[in-house]
Amino acid sequence: MNGAGRQGLRSGAAGVHHQRQYSDNFLDGSSNGNRWLQSAGLQHLQSSSNQLPPLQDYNLYGGAQGGRMYRNAPRSFNGGNEFYMEPSTPPGGYRSSMQKKNGEDFSVDSSPGLLDLHSFDTELLPPEMPASNAYDANSLYQPGGGRSFDDSEPYMLSKQTGRARAPENILKSFPADKEKTNSVAKIKVVVRKRPMNKKELAKNEEDIIETYSNSLTVHETKLKVDLTQYVEKHEFVFDAVLNEEVTNDEVYRETVEPIVPIIFERTKATCFAYGQTGSGKTYTMKPLPLKASRDILRLMHHTYRNQGFQLFVSFFEIYGGKLFDLLNDRKKLCMREDGKQQVCIVGLQEYRVSDVENIKDLIEKGNSTRSTGTTGANEESSRSHAILQLAIKRSVDGNESKPPRLVGKLSFIDLAGSERGADTTDNDKQTRIEGAEINKSLLALKECIRALDNDQGHIPFRGSKLTEVLRDSFVGNSRTVMISCISPSTGSCEHTLNTLRYADRVKSLSKGNNSKKDVLSSNFNLKESSTVPLSSVTGSAYEDRTTDGWPDENEWDDFSPSEEYYEQVKPPLKKNGKMELYATTDDKLKKPSGQIKWKDLPKFEPQTTHAEDDLNALLQVSCRLLR
Ligand SMILES: Nc1ncnc2c1ncn2[C@@H]1O[C@H](COP(=O)(O)OP(=O)(O)OP(=O)(O)O)[C@@H](O)[C@H]1O
């Protein structure tokens with residue numbers, strides 16, 4: 001991050017960061033629903049709700065009372081709107097603030113404490129309460145209904161992936177049974193490369209990332225001791241690699257769409273974006289919750305019609321190790337563990353929603369309240385982890401008078417820039433504290449994913465506030481999608497490599513990667529790490545980190561995977577060998593877009609001087625040291 005960027009951060013130091021808050025009190029219990037709607041900018045919903053499909057069912061919330069409630073859900077509520085939205089916590093009871101029904105106002109009972117703990121139910125509906133017995137092939141595909149929910153969605157064929165999907169395919173792709181649910185990968189790692197931006201093009205920077213369907217190559221320009229340039233190639237393989245031409249719709253189809261149906265099957269899923277500042281995390285994450293909620297509502301209105309499912313939205317951020325409610329004037333929140341070791345966020349407002357437009361408004365409101373600052377790479381840089389949760393709940397026995405129980409949850413996390421922790425040279429105390437906190441939480445997140453995927457009994461969620469909050473997403477039947485965002489330019493090369501190594505580490509944690517795939521992965525990593533003189537990697541020298549390469553839980557506070565760390569452990573380049581990895585700068589042909597066309601370089605074949613197993617073991621050690 002350059003000086004200019006830091007200047008931006010400094011100017012927003014010590015909590016004077018931009019918080020584009022709304023002046024109105026979003027959850028003022030004394031205000032009436034109409035006034036709140038106006039202040040929240042929801043007046044326009046009349047027209048949007050009129051476009052709702054005829055199949056939309058207001059009796060889908062379970063019992064007769066619920067059905068009536070929604071049918072009556074006042075046309076007067078928003079000048080004839082037929083949507084219904086209510087914040088559900090912190091309830092002193094199930095009904096809570098701003099619920100306006102038949103002209104009746106319900107004020108907020110925002111008393112925190114035990115009531116909140118009880119009502120913010122994070123425990124999944126028990127298995128004896130089947131989330132659905134409604135699988136009915138005939139009901140899955142309802143073209144008219146499915147499409148009418150959002151006809152604006154283009155039916156497009158992915159340029160890169162060729163995965164053409166009609167919007168209503170979410171209904172078709174609904175898993176018929178547990179087996180299909182289980183077929184959705186537990187951890188999926190996707191990389192997204194953003195296009196070159198104006199600044200990079202103006203600086204005549206080069207696009208150093210070459211993408212293929214599920215792999216990519218980073219061409220790192222380096223200097224030899226005699227100051228001649230050479231290019232080192234780093235190759236990585238992931239579950240999918242999305243290039244700069246891929247749209248947000250396609251990103252959604254590749255990442256979140258497959259896990260939406262299994263949220264109804266008592267699953268908690270998490271999708272998070274990781275990458276340096278300005279790499280496109282927010283750009284990527286922003287549209288995903290809305291697209292997911294649209295699909296969730298489709299399923300609720302068709303496949304799960306009359307099943308009593310309800311959708312709730314909450315949105316908060318973790319900034320400097322503290323939690324703030326983005327849908328409630330950044331009210332400070334605290335976390336508690338209840339008797340069942342369920343993590344509860346006391347006071348967090350959850351909104352019951354049944355209309356895409358409402359969700360959109362809530363998301364926009366939350367986004368505008370988020371802490372941002374300026375970095376050299378991004379004028380609107382996120383300085384916090386933002387977590388948006390879509391919770392599907394269902395009343396026990398269809399009894400609306402009882403608080404609904406959680407069926408599944410989908411969490412979207414837009415993480416703060418990954419380089420913050422490493423960037424400790426030119427910034428103030430506040431920024432360094434931010435960086436340390438961010439760093440700690442990113443490490444903790446990876447550690448949890450690792451433990452989760454190894455089915456370890458102990459998930460080290462206490463490593464950070466981020467992982468504590470996401471604790472319930474890490475246990476039981478869970479799914480994780482990681483989207484690693486990378487910048488394509490020369491200037492970001494080091495950060496890009498760090499991001500890809502983090503992603504590669506997460507990917508290699510996937511089940512089944514331990515045996516055969518590890519060899520494959522080793523071969524790819526071999527390309528990356530083959531500049532390491534194998535002779536220097538001795539068991540004794542690196543003993544401390546050979547078991548894992550990542551710190552133990554209790555080491556987190558002291559461990560910071562800064563770039564300095566990587567530099568320290570990175571052995572010197574081996575000048576003589578592995579020349580096939582290098583290209584001189586003459587091997588590249590520059591395109592106007594800044595993208596380089598790289599001439600084909602000879603394929604690298606590992607030169608086996610040890611027995612295969614020994615070599616792989618040594619390579620794995622060296623790879624870990626490089627990450
Ligand atoms: N795939 C993309 N296509 C077009 N523009 C993009 C893409 N990805 C990012 N951008 C643009 O790049 C800029 C930075 O993106 P964004 O704010 O999403 O970065 P970020 O990773 O969230 O950064 P930070 O960590 O600082 O918040 C934005 O102006 C965004 O519109």
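These numbers come from a predicted model, not from an experiment. Order of listing sets the numbers, starting from 1, for every ligand and every atom in it.
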Heavy-atom closest pair, residues Glu245 and Glu250: O-OE1, 4.2 Å

Sidechain N-carboxylate O distance under 4.0 Å for Glu200, Arg194: yes

Pairing residues for Asn214 by the side-chain hydrogen bond (donor to acceptor under 3.5 Å, both in side chains) criterion, not counting sequence neighbours: none

Sequence-distant partners of Ser441, side-chain hydrogen bond (donor to acceptor under 3.5 Å, both in side chains), two or more places apart: His385

Short side-chain donor-acceptor distance under 3.5 Å, Thr499 and Thr496: no

Ligand 1 contact by Arg192, heavy-atom criterion under 4.0 angstrom: yes

Contact check: Thr277 vs ligand 1, nitrogen or oxygen atoms, below 3.5 angstrom: yes

Best match, Ala416, Ala386, Gly278: closest heavy atom to atom 14 (C) of ligand 1: Gly278

Short side-chain donor-acceptor distance under 3.5 Å, Arg330 and Thr369: no

Proximity of Gln276 to ligand 1 by residue part, where a heavy atom lies under 4.0 Å: backbone

Residue part near ligand 1, for Pro195, under 4.0 Å between non-hydrogen atoms: side chain

Close approach, Ser279 and ligand 1, non-hydrogen under 4.0 angstrom: yes

Nitrogen or oxygen of Thr282 less than 3.5 angstrom from that of ligand 1: yes

Heavy-atom nearest neighbour of atom 20 (P) of ligand 1 within options Met196, Lys281, Lys199: Lys281

Min N/O separation Thr284 to ligand 1 under 3.5 Å: no

Closest contact, heavy atoms only, Leu288 versus Thr284: CG-O, 3.4 Å

